[in-house]
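For the single chain, residues carry numbers from 1 onward in sequence order. All ligand and atom numbering here is 1-based and tracks the order in the structure.
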Amino acid sequence: MIDQLKEIQQAFTTAAAQAQTAEQIEALRVEFLGRKAGRLNEVLRTVKTLPPEERKTVGAAANAVRLEIEEKLETFLRAAQSSGASDVPAQDLTLPGLPPRMGHVHPLTQVFDELMSIFTSMGFMVYEGPELENDFYNFEALNFPQDHPARDIQDTFFIKTPITRAEKHSFPTDRGWVMRTHTSNMQVRVMEEFQPPLRCIIPGRAFRNEATDASHEFTLYQMEGFIVDTDITIGHLFWTLRELFQQLYKKPVKIRLRPGYFPFTEPSYEVDMSCLFCEQKGCRVCKQTGWLEMGGSGMIHPNVFKAAGYQAGKYTGFAFGMGPMRLAMLKYGIPDIRLFMENDTRFLEQF
Ligand code: PHE
């Protein structure tokens, strides 16, 4: 009987050497360990007929063989599966891989980068400043008269926290804090710090307390620009704006300065650019006018120079304010301003 077990063990080792697939290994399991016709079971069935003292040794030996076969089958099966020789379909290594997800430069950032490169090539410096601003720089220094309704034109977010005594020394007034309503807050800050000749742009965020729709955001981006020197004229303003748009949109455009009103410029102009989409024939984008509104501008008001401490009558300058969100919408054909802030990857990955 012990011999018979040895034979089975031998037969298994020989057969196992041939088996490669999971299927073949399963067949081996049935042949050797199967309940009904398994070779080992045939032996075990006769163990009962043996005298008790033999039954013990033979039984133990048979069990040892069974364990050994089970273990080996298990190992073979694992090897067969990991080598790919099983009936599980192997990976097709010629298939293209999954592309890694790439980040994109936000379209607004792209427009800002382009604006900064255009302006720095014209000798402008880039300056940034605070979004939480004192009433002085946002309004008063810019010739907004006290309690003038012009302060409400811009739908200001007023901040309730009062100005501390220490802060009072830094500002000529203590009218309080606001979220800056425009990047024009930086005009006097920059003028206080630098003497003319001065060319500066200020990219940044501004805040307006108003409802959002397809063309309004309460957090908006602006880019302010201004020049202060002796003998700066409207001609300089006109040339600079047209040059800016032509470089940004990479085609010739016309510019129109329409009379407007800002307390800090005199005269003040609304800046119009010939429509990019219809050669001024009239289309949906320009609302059939042939012109697109691009921003505000004007010649810097003498009171602004005064607030900055510049000598009266010595300098002239121009200033303008653009909405880079609007510039980007026109450049890329983006229909809704809210898309910039939503961070929807389906939108962002198109740029
Ligand atoms: N600050 C103005 C606005 O937000 C734009 C502007 C800037 C107008 C500079 C004139 C000069 O509407």
Tell me the contacting part of S297 for ligand 1: side chain, backbone, both, or neither, using a 4.0 Å heavy-atom threshold, strictly below. backbone
Indicate yes or no: does an N/O atom of H182 lie under 3.5 Å from an N/O atom of ligand 1? yes
Do R258 and E293 sit within salt-bridge range, that is, some charged N less than 4.0 Å from a carboxylate O? yes
If the cut-off is 4.0 Å to any non-hydrogen atom of A319, which atoms of ligand 1 fall inside it? 9 (C), 11 (C)
Going by side-chain contact (heavy atoms from CB on, under 4.5 Å), V271 matches just one of F245, W291, F238. Which one? F245
Give me the ring orientation class for Y310 and F305: parallel if the planes are under 30° apart, tilted from 30 to 60°, perpendicular past 60°. parallel
Flag if over 12 foreign heavy atoms under 6.0 Å of CZ, R256: yes
Which of the numbered atoms in ligand 1 are below 4.0 angstrom from a heavy atom of G321? 6 (C), 7 (C), 9 (C)
Atom of L142, atom of Q187 and distance for their closest heavy-atom approach: CD2-OE1, 3.8 Å
Side chain, backbone, both or neither: which part of F320 has a heavy atom under 4.0 Å from ligand 1? backbone
Atom NZ of residue position K36 - does it have more than 12 heavy atoms of other residues, nucleotides or ligands inside 6.0 Å? no
With respect to R208, determine whether any N or O atom, backbone or side chain, lies less than 3.5 Å from an N or O atom of ligand 1. yes
Ignoring angles and geometry beyond distance, decide whether Q187 reaches within less than 3.5 Å of ligand 1 through its nitrogen or oxygen atoms. no
Close approach of F264 to ligand 1, heavy atoms, under 4.0 angstrom: yes
